[in-house]
2 protein chains.
Amino acid sequence: MTIRQDIHSAGIPVLCQSCEARHRGLCGALEPDQLIELSKTSSRRGVSPGAELTGDAEVVERYSNVLSGVVKLTKSLSDGRQQIVGLQFAPDFLGRPFKSESAISAEAATEVSLCSFPRSVIERMMKLSPGLEHRLLKQTLNELDEAREWMLALGRKTASEKVASFLLMIARNIDPATDPAAKSASFELPLTRADIADFLGLTIETVSRQLTRLRASDVIRIENNRHVTVDNLSHLEQRCGD
Amino acid sequence: MTIRQDIHSAGIPVLCQSCEARHRGLCGALEPDQLIELSKTSSRRGVSPGAELTGDAEVVERYSNVLSGVVKLTKSLSDGRQQIVGLQFAPDFLGRPFKSESAISAEAATEVSLCSFPRSVIERMMKLSPGLEHRLLKQTLNELDEAREWMLALGRKTASEKVASFLLMIARNIDPATDPAAKSASFELPLTRADIADFLGLTIETVSRQLTRLRASDVIRIENNRHVTVDNLSHLEQRCGD
DNA sequence: CGAAGTATTGAAGTGAATCAACCGTTGTGG
DNA sequence: CCACAACGGTTGATTCACTTCAATACTTCG
């Protein structure tokens with residue numbers, strides 16, 4: 001048994017062996033020798049909430065995998081109005097291939113751990129191994145589905161439906177280990193009220209009021225502003241409008 | 001000269017020879033023999049405005065390329081509120097690979113011409129030729145960029161900024177032949193007021209009022225409700241907020 | 001012509017934004 | 001060790017942009 005395990009992970013870089021990105025993320029498409037090559041130029045780093053990972057209209061020379069934590073992708077108008085257009089969880093890939101400027105900025109929402117590597121290396125590998133591009137296509141299609149899901153929310157849902165939908169999305173993403181069909185959930189909100197507002201196209205005050213209403217209706221419990229418990233997820237689902 | 005042309009298009013199915021999808025779309029990634037194989041099972045068809053191409057939560061057995069016209073992608077809430085989450089122009093690919101149900105419905109916004117083929121054939125080809133998947137990835141990444149652009153608009157732009165942004169987007173898409181740096185534009189709106197409202201997360205009345213305001217400010221001219229002329233596109237850009 | 005569909009315009013209502021005050025926690029330095 | 005500033009969050013009063021409701025026009029087509 002231990003021998004089989006050894007054989008199976010033979011040649012895989014130590015750092016990669018228990019890595020989320022290799023199990024469920026992009027690196028799962030790589031052969032051991034490719035993992036070795038990539039790991040030569042890759043480096044792990046932790047960043048703190050608020051740290052800007054890639055700025056708007058900035059040339060990006062390194063791509064990353066999110067290993068833990070939550071990264072927010074934001075777009076802004078010239079007068080400062082801001083919208084979060086995506087949240088990246090582990091083991092999502094972070095980067096915009098085939099385009100150096102992306103008009104999106106990425107910022108750590110929580111403590112984040114990243115594994116980053118040079119743009120050039122991964123792009124070269126993508127040419128050689130179709131499996132890599134295939135995984136990237138799948139993730140991109142999923143992100144597109146999510147973006148469109150939120151377009152519906154932003155354009156047509158009420159403030160309370162938006163907040164309910166947001167909580168449900170977080171509950172489903174924050175701990176993927178939990179059964180997707182679980183009845184209850186308990187988690188730390190990865191975003192501040194300001195971030196939630198920027199995600200839902202609302203103001204801080206409106207978000208706060210809606211959370212208060214959900215609490216008053218016994219749909220959720222809140223401790224320390226951040227910790228949310230949902231005893232019955234279906235109550236939340238009923239408030240999402242869809 | 002004519003000989004070279006003959007040699008170059010040797011073996012390419014007649015229908016494909018002048019096809020937009022082969023020049024700028026997905027089929028550009030296919031070799032002549034693959035084009036021949038695909039064309040055996042593909043068929044062109046025209047559909048009229050309002051025709052539903054693929055319904056919500058419906059199993060999709062055929063994918064398509066848009067050859068002309070505009071297709072709207074919509075999502076709905078249970079009470080009927082609707083949001084357009086994407087517009088597809090020629091030569092966009094229409095379909096959601098790797099997922100039979102898509103939670104999105106597609107409907108012709110104008111007279112539309114499609115070239116459709118069985119899901120299975122294109123998915124098999126995708127496994128064999130990485131170039132195909134590469135093109136699809138590129139289109140998907142572009143659609144994701146666009147979706148996020150509209151998330152910003154839906155969440156943070158005012159009604160008048162939304163309408164200005166919409167007109168600008170249409171002006172840039174409707175006739176890709178025109179210089180992207182052109183100063184003026186003149187075009188038929190591919191959407192009704194109701195569709196524009198569903199796209200921008202507004203009501204018909206608000207869209208109408210904002211168009212009236214733009215007309216009153218001499219930014220646009222409108223004839224027959226549908227034909228719009230923009231003498232100075234930069235005036236429109238200034239009203240987009242970004 | 002008349003009916004149906006599409007668009008404009010006006011008046012009234014409302015959901016969320018804005019403006020403003022206050023609370024609780026955290027961290028800092030006198 | 002405490003005063004207090006900084007920050008994040010809640011709550012209330014008021015305002016306003018957009019919706020809703022309603023009436024009227026335009027366009028198209030049998």
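Below, chain A is the first sequence line, B the second, and so on; all start at residue 1.
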Does the plane of the ring in B/Phe93 sit parallel, tilted or perpendicular to the ring in B/Phe117? Use 30° and 60° as the thresholds. parallel
Short side-chain to backbone donor-acceptor contact, B/Gln83 and B/Thr74, under 3.5 Å: no
Check the interface with nucleotides 22-25 of chain D: list each N/O to N/O pair with the protein under 3.5 Å, or write none.
none

Restricting both atoms to N or O, compile the protein contacts to nucleotides 5-9 of chain D shorter than 3.5 Å, with distance only.
residue: D/dG9; atom: OP2; partner: A/Arg193; partner atom: N; Å: 3.0
residue: D/dG9; atom: O3'; partner: A/Asn225; partner atom: OD1; Å: 3.4

Which pairs with one or both residues in residues 207-224 of chain A pass salt bridge (charged side-chain N to carboxylate O under 4.0 Å, His left out), sequence neighbours excluded? A/Arg221-A/Asp231
For A/Arg239, check salt bridge (Lys or Arg N to Asp or Glu O under 4.0 Å) against everything at least two apart and list the hits. none
Test of understanding: with salt bridge (Lys or Arg N to Asp or Glu O under 4.0 Å), list the residues that count as partners of A/Lys157, not counting sequence neighbours. A/Asp242
Donor-acceptor pairs under 3.5 angstrom involving side-chain atoms of residues 200-208 of chain B: please list them, not counting sequence neighbours.
residue: B/Thr203; atom: OG1; partner: B/Thr206; partner atom: N; Å: 3.3
residue: B/Thr203; atom: OG1; partner: B/Thr206; partner atom: OG1; Å: 3.0

Separation of atom CD in B/Glu188 from atom P in D/dT27, rounded to whole Å: 14 Å
Test your reading of the model: is there a side-chain donor-acceptor pair from A/Arg44 to the backbone of A/Ser113, 3.5 Å cut-off? no
Between CD of B/Gln210 and C1' of D/dT19 the distance, given in whole Å, is 13 Å
Whole-Å gap separating C1' (D/dT19) and CG (B/Asp198): 14 Å
Phosphate OP1/OP2 of D/dT19: any B/Thr206 side-chain N/O under 4.0 Å: yes
Show each protein N/O and nucleotides 14-17 of chain D N/O combination with a separation under 3.5 Å, one pair to a line.
none

Using the side-chain heavy atoms of B/Thr203, tell me which of these nucleotides is nearest: D/dC18, D/dT20, D/dT11. D/dT20
With a 3.5 Å cut-off and sequence neighbours excluded, list the donor-acceptor pairs that the side chains of residues 180-189 of chain A form with protein atoms.
residue: A/Ser186; atom: OG; partner: A/His227; partner atom: NE2; Å: 2.8
residue: A/Ser186; atom: OG; partner: A/Thr229; partner atom: OG1; Å: 3.2
residue: A/Glu188; atom: OE2; partner: A/His227; partner atom: ND1; Å: 2.5

Polar side-chain atom of A/Thr54 near backbone of A/Ser105 as donor-acceptor pair, under 3.5 Å: no
Euclidean distance, atom CD of residue B/Glu223 to atom C1' of C/dT6 [Å, nearest integer]: 18 Å
Looking at residues 78-88 of chain A, who's got a heavy atom less than 4.0 Å off DNA chain C? none
Backbone N or O of A/Gly25 within a donor-acceptor pair of the A/Arg135 side chain at under 3.5 Å? yes
Test your reading of the model: is there a side-chain donor-acceptor pair from B/Arg119 to the backbone of B/Tyr63, 3.5 Å cut-off? no
How close or far is atom C1' of D/dT11 from atom CZ of A/Arg215, stated in whole angstroms? 11 Å
Separation of A/Leu200 atom CG from C/dG15 atom C1', in whole Å? 16 Å
Any salt bridge (charged side-chain N to carboxylate O under 4.0 Å, His left out) involving residues 80-89 of chain B? Give me the pairs, sequence neighbours left out, ordered by first then second residue. A/Glu161-B/Arg81, B/Asp79-B/Arg81
Please tabulate, for side-chain N and O atoms in residues 65-72 of chain A, each donor-acceptor pair with protein atoms closer than 3.5 Å (sequence neighbours left out).
residue: A/Lys72; atom: NZ; partner: A/Glu107; partner atom: OE2; Å: 3.2
residue: A/Lys72; atom: NZ; partner: A/Asp195; partner atom: OD1; Å: 2.8

For B/Glu237, enumerate each residue passing the salt bridge (Lys or Arg N to Asp or Glu O under 4.0 Å) test, keeping only those at least two apart in sequence or located in another chain. B/Arg172
In whole angstrom, give the distance that lies between atom CZ of B/Arg156 and atom P of D/dC18. 14 Å
Would you mind reading off the distance between A/Lys162 atom NZ and C/dA17 atom P, rounded to a whole angstrom? 7 Å
